[in-house]
Protein chains: 2
Amino acid sequence: MPTIYDVAKLAQVSAMTVSRTLNTPEKVRPESRAKIEAAIAKLGYRQNQAARALVLQSTGIVKLQMSAGLRGNHLYFSQLFSGITDVLSQHKLAMLVTDHHEHTAACDGKIIMGLTREAQMALTPSKTPKVLFGKGPDCIDWIDVDNERGCRRATERMLSLGHERVGFFTFPSTEPFIKEREAGYLRAMQEAGITVQPNWIVTAMNNSVEAGYSSGRALLNQRAVTAVVCCSDHVAVGLAQAAYDSHVSVPEELSIIGFDGVGQERMGKPILATMRQPVFDIGRWLAKTLVQRIKQVGDAAPQHQMVTPDILLNDSTAPPKAILWRSD
Amino acid sequence: MPTIYDVAKLAQVSAMTVSRTLNTPEKVRPESRAKIEAAIAKLGYRQNQAARALVLQSTGIVKLQMSAGLRGNHLYFSQLFSGITDVLSQHKLAMLVTDHHEHTAACDGKIIMGLTREAQMALTPSKTPKVLFGKGPDCIDWIDVDNERGCRRATERMLSLGHERVGFFTFPSTEPFIKEREAGYLRAMQEAGITVQPNWIVTAMNNSVEAGYSSGRALLNQRAVTAVVCCSDHVAVGLAQAAYDSHVSVPEELSIIGFDGVGQERMGKPILATMRQPVFDIGRWLAKTLVQRIKQVGDAAPQHQMVTPDILLNDSTAPPKAILWRSD
DNA sequence: TTGTAAGCGTTATCAT
DNA sequence: ATGATAACGCTTACAA
């Protein structure tokens with residue numbers, strides 16, 4: 001690999017003039033510049049970014065730290081990626097994807113997600129700025145989805161349609177969002193004065209279509225509810241398929257609403273209602289906020305943002321039928 | 001940020017001993033090591049990766065170069081990501097995602113995809129190793145999907161079920177795979193001695209469910225075919241929805257097979273037949289091959305790999321009904 | 001406008 | 001087992 005000195009020698013100038021041509025071309029005489037550019041082209045010279053990063057104390061890299069497990073929810077994270085890279089590329093920043101605790105590469109800033117709530121709240125400001133997806137301490141920039149409110153709205157939608165026996169379809173997760181969504185459901189039910197029966201809440205094995213399908217079959221066999229609020233579109237899709245195979249028509253006999261709204265709600269028929277998270281915009285916010293921190297010198301007040309999912313009504317909710325779930 | 005010298009001073013050793021503790025701990029006396037580790041912990045010291053990269057001429061970073069447009073096919077690329085990071089993380093390498101022509105960051109190797117066929121064939125070996133997803137020149141490592149064969153198999157499946165009027169549902173793309181798939185369809189039809197009618201081949205606006213739906217309605221209105229081979233699961237899903245809304249039952253009245261098999265074929269009912277690309281494994285192969293090149297000194301022969309998609313039969317294909325598409 | 005010298009933080013080499 | 005010194009390739013600060 002040719003260095004800046006090789007270019008300098010060939011162009012018969014000093015290394016500094018080459019450096020200037022690269023960084024502040026207006027400060028070098030056009031003739032010299034031409035010679036240098038010719039030499040660069042001839043040698044196929046390219047800046048050594050490691051050396052540059054060392055002296056500038058800046059890498060041009062933003063790290064996206066997420067637990068490997070998170071990448072399972074494919075559509076969700078690819079939309080987040082898109083939002084993030086969309087902004088980063090405008091600022092000539094590259095995105096490095098790592099797991100937590102991989103200290104390998106240096107970076108100018110970090111986007112963090114998928115930590116436990118405790119770990120997130122324990123984060124402290126450091127020299128390299130960081131932005132968090134999920135609730136964090138006041139001293140850190142973060143954005144979070146209002147899961148409680150989102151799920152409350154989804155439940156209220158069912159209630160306002162006239163449903164009373166509204167079920168909740170969840171799955172196990174160590175992350176806080178799952179409890180928040182359940183809280184939203186419970187609160188809406190409580191405010192409506194309806195006592196939630198234990199068998200109205202069903203927990204799938206995990207957040208997948210398959211798990212949603214098999215627990216969905218069980219849920220349907222109980223014939224206890226006329227509407228189901230789901231914790232994700234994965235399990236909602238599984239439930240819809242279970243309904244199809246159980247000859248329960250959606251929405252006539254069963255109303256379903258999911259959560260996430262990153263596209264898979266539209267893959268089957270009927271198209272599922274869902275609480276759409278503005279994932280692309282969240283990605284953009286994360287990147288924009290981080291870039292501000294990276295570029296600025298002084299310290300502005302930490303920014304915090306809560307976004308509430310929109311309801312997408314689509315085709316899977318309807319008022320309950322008067323006569324329903326009668327025993328055959 | 002503390003440097004190695006700060007640690008050395010606090011531990012009352014030289015910087016070199018600190019460096020050794022970090023890199024070859026067995027070469028330093030346990031007592032010294034203990035002192036140094038204490039100092040590191042106390043100062044919160046962490047290696048400066050830029051300096052390290054500069055002197056070692058290696059960054060620990062692998063670049064994933066793809067055109068931004070490609071990221072649209074969400075599930076496909078997130079599975080590829082998973083396969084790649086799965087291998088890279090085993091080797092303590094990080095993945096940097098960039099567009100083509102973003103020279104910003106240094107790296108130890110590149111995974112390249114989504115170039116035009118011409119640009120790919122023009123690639124030449126360089127000092128930093130590269131691996132290509134898609135057919136490339138003999139001097140470069142590459143892996144590609146046998147699209148022609150995959151689509152031929154899909155078509156042959158339809159033919160062997162007894163279909164004769166087999167349609168082809170495609171979309172515009174600058175990438176070579178789309179022509180290859182069409183070639184596979186045409187070849188299978190030709191070998192079966194069936195003359196393909198022009199209106200059997202329908203082109204959706206783009207590779208999306210929505211475009212598949214609207215062109216799918218048009219395709220169904222023609223009532224020209226009893227089976228359709230689709231160029232992607234996106235358009236196949238759209239077609240299935242169009243069939244649903246047109247009261248054409250799948251597979252009884254129309255057989256559908258898609259292409260990709262990254263998960264969305266299972267989001268609706270019936271679950272769609274598809275040609276499954278082993279995307280996760282392709283990601284793993286890309287990363288593994290690249291890591292070999294990075295780690296090794298000598299040069300082994302370039303590796304080339306063609307993978308043929310598996311057929312996933314699922315529920316959307318069946319023999320044609322004897323009486324079909326009669327004019328009402 | 002251009003060049004010189006110093007230093008960014010680390011590791012390789014060669015001593016001790 | 002440990003240390004002194006010289007790179008790695010670049011940019012900043014200052015001098016010419």
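All values derive from a computational prediction rather than experimental measurement. Chain identifiers are assigned alphabetically (A, B, ...) following the order of the sequence lines, protein sequences preceding nucleic acid strands; residue numbering begins at 1 within each chain.
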- Base, sugar-phosphate alone, or nothing: which one does Val55(A) contact when heavy atoms must sit under 4.0 Å apart?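 Answer is base: heavy atoms of Val55(A) come under 4.0 Å of a base.
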- Task: With heavy atoms under 4.0 Å as the rule, sort Leu56(B) into base, sugar-phosphate or nothing.
- Result: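 Contact class for Leu56(B): sugar-phosphate only.
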Among [options], the one nearest [X] by side-chain distance:
X	options	result
Thr17(B)	dT10(C), dC10(D), dG3(D)	dG3(D)
Arg52(A)	dT10(C), dT11(C), dC10(D)	dC10(D)
Met16(A)	dT11(D), dT11(C), dT2(D)	dT11(D)
Ala51(B)	dG3(D), dG9(C), dT2(C)	dG9(C)
Gln57(B)	dG3(C), dC8(D), dG9(C)	dC8(D)

- Message: What is the separation between atom NZ on Lys9(B) and atom P on dG9(C), rounded to the nearest whole Å?
- Response: 13 Å
- Item | Centroid separation Phe81(B) to Phe77(A) less than 6.0 Å |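 Here the rings of Phe77(A) and Phe81(B) have centres that are no less than 6.0 Å from each other.
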- Item | Any residue meeting side-chain hydrogen bond (donor to acceptor under 3.5 Å, both in side chains) with Asp281(A), in chain and number order, not counting sequence neighbours | none
- Does a side-chain N or O from Ser14(B) land closer than 4.0 Å to OP1 or OP2 of dG3(D), or not?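 So the side-chain polar atoms of Ser14(B) do come within 4.0 Å of the phosphate oxygens OP1 or OP2 of dG3(D), strictly under.
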- Residue from Leu22(B), Asp6(B), Leu10(B) passing side-chain contact (heavy atoms from CB on, under 4.5 Å) with Ile40(B): Leu22(B)
- Note on the structure: Distance col, row Ser58(A):OG vs Leu93(A):CG, nearest 0.5 angstrom, shows 8.5 Å
- Kindly say whether, by distance alone, the side chain of Arg46(A) makes a donor-acceptor pair under 3.5 Å with the base of dG9(D)? no
